[in-house]
**Q** 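Please find one structure pasted underneath; my questions will follow.
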Amino acid sequence: MKKGHILGLGIIAIAIVIIVSMLGDASTYESFATAKEMKVKGEDKAIHVVGQLKKGISGEVEGIEVNENKTSFYFMMIDNDGTEQKVFYNEPVPADFHRSEQVVVIGAYKSEEIFMADKILMKCPSKYQETEVNTAGM
């Protein structure tokens, strides 16, 4: 076999190993119930939970508690299964957090009552959404 063929096969083998190892890190969207089951089983792998912030009747976000030094905060989130959960994030409140339509928290349970988020991803209302356009005389 030529050296070029051996080198090519080596590169392909390394690429396959990298791809397979990355598939193990891929995460799907889960619920708080699944995250709690993982905690009970002793797994502390970070997972993605998708949901919305808890809002009152008037549409205002409820349940946000910012710590005195404003470097961390708690908030209430409702996942897609309807489970309400208190979430802790050890960073300042992100810009436009109150306006987000959907929130994805990446983290795990560190205690039975609080989900610890390592990252927060937000889907905010789009400025490109269609609005009603009134045209005169048409």
Side-chain angles (χ1 to χ4, degrees):
M1 224 183 221
K2 293 182 180 180
K3 288 183 182 181
H5 290 135
I6 294 172
L7 181 63
L9 288 174
I11 291 172
I12 292 171
I14 291 171
I16 290 172
V17 169
I18 290 172
I19 290 170
V20 169
S21 69
M22 286 182 160
L23 288 177
D25 292 340
S27 177
T28 59
Y29 293 127
E30 301 291 346
S31 65
F32 285 122
T34 304
K36 215 170 239 190
E37 287 173 16
M38 290 175 66
K39 168 71 174 157
V40 170
K41 291 178 183 176
E43 298 177 39
D44 58 351
K45 178 181 153 191
I47 64 167
H48 294 69
V49 179
V50 64
Q52 295 84 28
L53 297 176
K54 181 180 178 185
K55 295 184 180 180
I57 298 171
S58 64
E60 294 290 319
V61 176
E62 294 181 342
I64 296 180
E65 303 169 24
V66 180
N67 289 342
E68 290 178 18
N69 54 10
K70 299 187 188 231
T71 58
S72 62
F73 69 104
Y74 294 89
F75 62 95
M76 295 302 291
M77 183 175 151
I78 302 170
D79 69 8
N80 288 342
D81 291 344
T83 305
E84 187 174 311
Q85 178 61 53
K86 189 172 193 173
V87 179
F88 176 74
Y89 187 53
N90 196 25
E91 295 287 331
V93 179
D96 293 333
F97 185 70
H98 293 51
R99 294 181 50 214
S100 63
E101 291 177 353
Q102 197 172 43
V103 177
V104 177
V105 291
I106 303 169
Y109 279 96
K110 301 299 180 201
S111 71
E112 293 293 321
E113 301 86 31
I114 298 176
F115 185 87
M116 301 283 286
D118 299 322
K119 290 183 186 175
I120 296 178
L121 309 173
M122 300 176 298
K123 179 183 178 196
C124 292
S126 176
K127 64 181 177 182
Y128 301 109
Q129 288 177 346
E130 279 190 45
T131 57
E132 187 178 318
V133 177
N134 293 327
T135 54
M138 293 195 163

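Scope of the values below: all heavy atoms of this structure, side chains included, with no hydrogens, waters or symmetry mates.
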**Q** Going by the angle between their ring planes, with limits at 30° and 60°, are F88 and Y74 parallel, tilted or perpendicular?
**A**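 The rings of F88 and Y74 sit tilted, inter-plane angle from 30° to 60°.
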**Q** Please give me the minimum heavy-atom distance between D118 and Y89, naming the atom from each residue.
**A** O-CE1, 3.5 Å
**Q** Answer with yes or no whether the hydrophobic clustering places M116 together with F97; edges join I, L, V, M, F, W, Y residues whose side-chain heavy atoms lie under 4.5 Å apart.
**A**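 Unlinked, M116 and F97 end up in two clusters.
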**Q** List in chain and number order the residues that pass salt bridge (Lys or Arg N to Asp or Glu O under 4.0 Å) with E37, two or more places apart in sequence or in another chain; answer none if no residue qualifies.
**A** none
**Q** Look up atom NZ in K2 and atom CG in L7, then write down how far apart they are to the nearest 0.5 Å.
**A**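 Here the interatomic distance stands at 14.0 Å.
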**Q** With no hydrogens and no angle check, is any side-chain donor or acceptor of N67 less than 3.5 Å from a backbone partner on K70?
**A**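 No, the answer is negative, given that no donor and acceptor are paired below the 3.5 Å cut-off.
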**Q** CD/E113 to NZ/K36 distance, rounded to the nearest 0.5 angstrom?
**A** 7.5 Å
**Q** Kindly give the heavy-atom pair with the smallest separation between I47 and S31, and that separation in Å.
**A**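 Smallest interatomic distance, heavy atoms only, reads CD1-O, 4.3 Å.
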**Q** If you compare all heavy atoms of Y109 against all heavy atoms of I114, which two are closest, and at what distance to 0.1 Å?
**A**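 Nearest pair, atom of Y109 first, then I114: CD2-O, 3.5 Å.
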**Q** Which heavy atom of F75 sits nearest a heavy atom of L53, and at what distance?
**A**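 Closest approach of F75 to L53: CD1-CD2, 3.6 Å.
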**Q** Consider only side-chain heavy atoms of I, L, V, M, F, W and Y, link residues closer than 4.5 Å, and tell whether F115 and M38 are in one cluster.
**A**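 Result: yes, single cluster for both.
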**Q** What's the spacing between M77 CE and K86 NZ if we round to 0.5 Å?
**A** 15.5 Å
**Q** Which atom names give the shortest non-hydrogen contact between V103 and S100, and what distance separates them?
**A** CG2-OG, 3.4 Å
**Q** T71 and N69: side-chain donor and acceptor closer than 3.5 Å?
**A** yes
**Q** Do you reckon M76 sits in the same ILVMFWY cluster as V105, going by side-chain contacts under 4.5 Å, direct or chained?
**A** no
**Q** Hey, could you give me the CD/CD distance between E84 and Q52, rounded to the nearest 0.5 Å?
**A**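 CD of Q52 is found 12.0 Å from CD of E84.
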**Q** Using 0.5 Å steps for rounding, measure from the CD1 atom of I14 to the CG atom of L9.
**A** 11.5 Å
**Q** What are the two closest non-hydrogen atoms of T83 and F32, and how far apart are they?
**A**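 Result for this residue pair: O-CD1, 3.8 Å.
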**Q** To the nearest 0.5 Å, how far apart are NZ in K119 and CD in E91?
**A**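 That separation rounds to 11.5 Å.
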